[in-house]
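Read the structure below first, then the notes.
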Amino acid sequence: MLEKTFDPKSIEPRLYAAWEASGAFKPSEDPNAESFTIVIPPPNVTGSLHIGHALNNTLQDVLTRFHRMRGKSALWLPGTDHAGIATQMVVERQLAAAGNVGRREMGREAFVEKIWEWKAESGGEIVNQLRRLGASCDWSRERFTLDEGLSAAVRKVFVQLYKQNLLYRDKRLVNWDPQFQTAISDLEVEQKEVDGAYWHFAYRLADGVTYQHPVAFDEDGKATEYETRDFIVVATTRPETMLGDTAVAVHPSDERYKDLVGKDVVLPIIGRRIPIVADDYADPTKGSGAVKITPAHDFNDFQVGKRHGLAFIDVFDERGSTLARPKRWVVENGKFEPSAPLHELPAELRNLDRFSARKAIVAISENEGWLREIEKIRHAVPHGDRSGVVVEPRLTDQWYVDAHTLAQPAIKAVEEGATVFEPKNWEKTYFEWLRNIEPWCVSRQLWWGHRIPVWYGPRVVERTETAMKLEHLTPHMFVAETAEEALAEARDYYGDERVSIPESGLGSSESGGNIVVLKQDEDVLDTWFSSALWPFSTLGWPDKTADLAKFYPTNTLVTGFDIIFFWVARMMMMGLHFMGEVPFKQVFINALVRDEKGAKMSKSKGNVMDPLILIDELGCDAVRFTMTAMSGQARDIKLSKQRIEGYRNFGTKLWNASRFAQMNECVRVEGFDPSTVKQPINKWIRGETVKTVTEVTRALEAPAFSDAADALYKFIWNVFCDWYVELAKPILNGDDAEAKAETRATAAWALDVILKLLHPVMPFITEELWDKTAEFGAPRTGMLIVEKWPELPDSWIDADAEAEIGWLVDAVGEIRSLRKEVNLPAGAKPPLTVIGANAETKARLVRHRDLLLTLARLDSAREAEAPPAGAVPFVLGEATGALAIAEFIDLTAEKARLAKEIAGHVGEIEKTARKLGNPDFLARAKEEVVAENRERLADAEAAKAKLEAALARLVAVG
RNA sequence: GGGCGGUUAGCUCAGCGGUAGAGCGUCUCGUUUACACCGAGAGGGUCGGGGGUUCGAUCCCCUCACCGCCCACCA
């Protein structure tokens with residue numbers, strides 16, 4: 001016998017182990033089976049399962065289990081992401097906490113080794129947590145983005161893109177994170193509103209130049225008063241960069257400064273002369289109309305600097321602290337050339353962090369009298385999304401991917417429907433970003449990641465037969481998939497064997513024996529560079545593997561909208577470029593889980609709900625059902641524990657229905673054919689089951705997860721438990737052996753279908769019941785996880801049975817409702833009389849007398865010509881039902897009840913009649929709608945007549 | 001500044017052209033041997049405001065208000 005409740009805690013680990021051991025998670029080898037593939041959005045190795053993962057992975061598992069049961073060769077490919085910055089950060093923090101020396105003191109090799117150690121110890125945590133969620137991933141295919149295979153794929157992609165001119169090295173401004181001391185991409189920059197100010201500075205004009213500047217205006221905005229100025233006012237939000245100013249720009253059409261273009265100003269503090277240039281970038285309506293230009297510290301100024309051939313002066317080091325000697329570049333022939341710094345910073349401004357430098361410069365400006373005004377403002381300032389510190393635009397050499405070129409096929413594929421987003425409106429977001437895409441900076445100055453496969457050696461500038469002249473300042477690059485290949489290329493380039501790569505142990509290590517020593521690029525690649533290859537690198541690319549042939553392109557990608565740019569778009573670009581086919585046919589965008597107040601869950605807010613704790617408390621199935629039910633198409637999900645409890649109860653309900661079946665010997669009958677059943681309730685539940693199979697199948701195909709959850713919930717609870725089980729009781733307790741046997745078999749059959757349909761969403765409880773119910777009846781041939789998905793014929797829906805059971809359900813409902821309204825004690829069992837019944841109703845009354853008596857708690861049910869005295873009437877189809885409850889009736893209350901009900905019908909009659917009286921409605925509305933309204937009117941009138949007759953009798957008696 | 005969502009019962013959300021739905025919560029009743037993690041019943045909404053299209057609008061269009069998110073920019 002089943003226990004009274006389901007105990008998830010003891011069952012989940014056992015079943016999961018059994019599934020895994022059975023090989024059920026592996027795709028079937030059946031060569032005729034169509035494939036169904038999902039690649040997991042690889043969680044960070046540092047991560048632990050949060051509620052967003054729970055949602056995302058539940059949906060993937062529902063799909064995988066569904067398609068597996070449908071006979072597909074279903075592969076859900078799992079893995080984790082090395083997550084460059086995040087992991088490096090975590091390990092660095094741990095080392096510090098353990099009192100270790102810092103990463104720099106430790107050195108690159110030792111530090112990376114530490115990370116690997118850490119990964120081996122605790123990196124797999126999230127993978128075990130996915131198991132707790134019931135994820136039916138094929139763990140034998142698990143991948144990690146830094147695996148040798150995936151690393152080879154990364155190198156191949158890098159080299160190919162380079163050779164195709166789609167990847168290049170360039171010096172330009174990047175978003176620099178001074179905390180991590182690395183470049184980051186545009187996407188990793190977050191704009192945050194902060195309090196700031198415009199500092200208005202007066203820069204003195206050189207050579208004693210003066211001009212007339214308007215200071216008062218009339219109503220039309222015309223200047224009425226001028227003052228003579230020997231300075232020009234510029235405003236800035238970043239005073240600390242002024243030491244790198246190389247110009248002041250004014251708009252070419254700005255009358256105020258027309259005569260100053262071409263003149264110089266003297267940069268305060270330093271005393272350096274910088275030109276006033278005319279450039280459209282300067283906006284005459286903003287500030288003073290003149291803007292200081294710092295080409296090495298601002299993206300707009302960078303462009304201005306290039307247009308005017310200005311020098312680029314970088315005043316900060318990699319930490320964002322002031323340099324003693326600012327670095328200076330000039331552009332020659334379109335290339336940045338280092339150039340000698342023109343000056344040093346005054347001693348008191350050296351080696352200050354950005355924020356101290358700002359304070360110091362503002363203080364100086366105030367003391368020296370060139371600070372004109374401080375205007376407080378609130379403005380958006382770029383921050384590193386990981387570090388949270390203010391990002392610094394910085395002039396560095398980095399590797400860039402020509403995203404614009406790669407984006408075009410990715411745009412086209414979605415336009416043409418090769419890949420479809422669900423919900424579709426996310427395509428707009430996708431297009432918007434891809435159509436305005438900027439070059440993608442893929443190099444990172446980190447240690448944890450894929451090392452850039454580029455080696456540098458000196459450039460040959462002159463070659464004679466006996467000697468060559470080498471130049472080291474602008475090195476030659478050897479871009480190759482391996483050190484060996486780079487070495488070979490280099491030997492070819494130098495025409496000499498005496499080349500080595502010491503860190504790879506390649507080439508002669510004899511000191512002095514080499515004429516050239518190559519050095520590999522220090523940087524690593526953006527984590528998303530390797531993630532972009534995920535759908536094919538995990539399947540074995542660049543090798544032409546069987547997996548790749550079978551499982552690419554994948555079917556559905558399930559992910560959050562927050563990584564459409566980071567990941568989805570980039571996989572599209574890389575997949576199309578290297579595979580020639582989209583990486584997935586459908587992108588299902590799931591919502592973001594928020595707390596019950598709608599706030600994003602975050603550790604700092606302390607509102608996180610830990611899915612593992614919820615699984616412990618309420619069971620995995622309950623959490624999964626909640627995720628499935630709430631994954632509608634809204635943008636965010638507000639999760640509350642109560643909701644999960646509700647679905648835990650749902651599981652218990654099913655458990656108890658099975659228990660009921662067991663107690664009543666509803667065991668599976670081998671070879672049972674539902675099409676042969678005779679009992680109306682069995683025909684009816686058979687049809688309801690078919691409808692549910694159809695609906696759940698449709699919903700999971702779409703996928704429309706919440707529709708599936710909804711259909712399952714309603715069928716199992718409101719149809720099977722609330723009605724079928726109740727309707728079956730009299731037969732199961734009765735003497736009709738044949739009907740009893742049929743009902744037992746039908747109940748067992750329907751439950752089996754339920755278990756199958758519910759399995760993708762609630763795998764544990766269904767598998768457990770599948771197993772337990774096999775202890776009786778016919779044995780199972782295998783586990784539910786690999787059971788065939790039900791396919792039932794529509795012909796099993798029986799309209800007559802449906803109508804008949806519908807009538808019964810209505811009758812019971814009417815009587816129950818009535819009993820409450822007249823406050824009939826629960827124990828009272830009045831007789832029911834039905835007046836004016838047609839032949840069918842009379843027959844039903846006989847057939848279902850037992851059920852009516854039980855479910856509506858009646859003493860008797862019979863058909864009669866006239867109602868007994870003191871009976872309370874209700875409408876029952878074409879007939880009138882009456883409960884003889886004279887002793888309980890409050891005559892006044894009963895009159896009021898009838899009057900209220902009649903009024904309801906009158907209202908409806910008026911409304912419907914008005915509609916039907918409208919010639920336009922009759923002429924233009926659809927026929928069915930008109931017919932429906934006519935019927936509604938007739939029904940309402942009939943009901944009203946019956947109740948009026950009853951009321952008349954009541955008045956006569958009273 | 002550009003874009004995308006949202007505004008429906010106390011709460012969380014479905015519905016998206018033909019008489020307003022669910023779950024939870026609330027209220028009433030219930031020892032009917034599957035289940036109190038239950039059963040039965042009830043109450044509760046001028047579907048954010050205003051226009052328009054239509055025979056008919058919660059649903060389509062316009063507009064306003066508020067809330068949320070994304071992108072871009074601001075010397």
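Note that these values count all heavy atoms, side chains included, but never hydrogens, waters or copies made by symmetry. Just so it is clear, the model here is predicted, and its values are computed rather than measured.
The residue A/Asp710 sits apart from the nucleic acid: no heavy atom pair falls under 4.0 Å. Within 4.0 Å (heavy atoms only), A/Thr236 reaches sugar-phosphate atoms of the nucleic acid but no base atom. Using a 4.0 Å heavy-atom criterion, one finds that A/Ala380 contacts the bases of the nucleic acid, with or without backbone contacts as well. Within the 4.0 angstrom heavy-atom criterion, only backbone atoms of the sugar-phosphate kind lie near A/Gln642; the bases stay farther away. At a threshold of 4.0 angstrom between heavy atoms, the contacts of A/Ala249 with the nucleic acid are absent.
Checking A/Thr743, A/Leu851, A/Ile681, A/Leu852 one by one against A/Pro730, the side-chain contact (heavy atoms from CB on, under 4.5 Å) holds for a single residue, A/Leu851. The residue from A/Leu858, A/Val872, A/Val822 that alone fulfils the side-chain contact (heavy atoms from CB on, under 4.5 Å) condition with A/Pro830 is A/Leu858.
Between A/Asn649 and B/C38 there is a side-chain polar atom (N or O) within less than 4.0 angstrom of OP1 or OP2. For A/Arg936, a side-chain nitrogen or oxygen approaches OP1 or OP2 of B/U19 to under 4.0 Å. Between A/Trp717 and the phosphate of B/G39, there is a side-chain N or O to OP1/OP2 separation shorter than 4.0 Å. Phosphate proximity of B/U33 to A/Lys729: absent, as no side-chain N or O sits under 4.0 Å from OP1 or OP2.
Residues A/Trp723 and A/Leu808 fail the side-chain proximity criterion, which asks for heavy atoms closer than 4.5 Å. At a threshold of 4.5 Å between non-hydrogen side-chain atoms, the residues A/Pro8 and A/Arg648 do not count as touching. Residues A/Asn918 and A/Arg914 form no side-chain contact, since every pair of their non-hydrogen atoms from C-beta on lies 4.5 Å or further apart. Put simply, the side chain of A/Ile564 does not reach to within 4.5 Å of the side chain of A/Thr559, judged on heavy atoms.
For A/Glu726 against B/A34, a side-chain-to-base donor-acceptor contact under 3.5 Å is present.
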Enumerate all atom pairs, one protein N or O and one N or O from nucleotides 52-56 of chain B, separated by less than 3.5 Å.
from: B/C55; atom 1: OP1; to: A/Arg924; atom 2: NE; distance (Å): 2.9
from: B/C55; atom 1: OP1; to: A/Arg924; atom 2: NH1; distance (Å): 2.3
from: B/C55; atom 1: O2'; to: A/Asn918; atom 2: ND2; distance (Å): 3.0

Between protein and nucleic acid, restricted to nucleotides 27-32 of chain B and to nitrogen or oxygen atoms under 3.5 Å apart, what atom pairs and distances do you find?
from: B/C29; atom 1: O2; to: A/Lys820; atom 2: NZ; distance (Å): 3.1

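Distance check, rounded to the nearest 0.5 Å: CD1 of A/Ile615 to CD of A/Glu12 gives 7.0 Å. Within the model, atoms CG of A/Asp245 and CG of A/Asp301 stand 8.0 Å from one another, a figure rounded to the nearest 0.5 Å.
Side chain of A/Val929, nearest nucleotide from B/A40, B/G18, B/G23: B/G18.
For the side-chain contact (heavy atoms from CB on, under 4.5 Å) test, residues two or more places apart in sequence or in another chain that qualify with A/Ala290 are A/Ile232, A/Val234, A/Val248, A/Val250, A/Tyr257, A/Ser288.
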Worked verdict on A/Arg372 versus A/Phe231 for side chain to side chain contact (heavy atoms under 4.5 Å, CB included) | CA-CA 11 Å; A/Arg372 300 268 302 190; A/Phe231 58 85; 3.1 Å; yes
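Ion pair A/Arg354/A/Glu240 not flagged as a salt bridge, since none of the NZ, NE, NH1 or NH2 atoms sits closer than 4.0 Å to an Asp/Glu carboxylate oxygen.
What separates CG of A/Leu727 from C1' of B/A34 is a distance of 15 Å, to the nearest Å.
Contact check of residues 903-911 of chain A against RNA chain B (heavy atom, cut-off under 4.0 Å) returns A/Glu908, A/Lys911. Scanning residues 650-661 of chain A for heavy-atom distances under 4.0 Å to RNA chain B yields A/Thr652, A/Lys653, A/Asn656, A/Ala657, A/Arg659, A/Phe660.
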Any chance you could encode RNA chain B as dot-bracket? Rule is Watson-Crick or G-U wobble with both distances under 3.5 Å; [ ] for pairs crossing earlier ones, | for another strand.
-> ((((((((.[[[[.)..(..]]]].(((((.......))))).....[[[[[..)....]]]]])))))))....
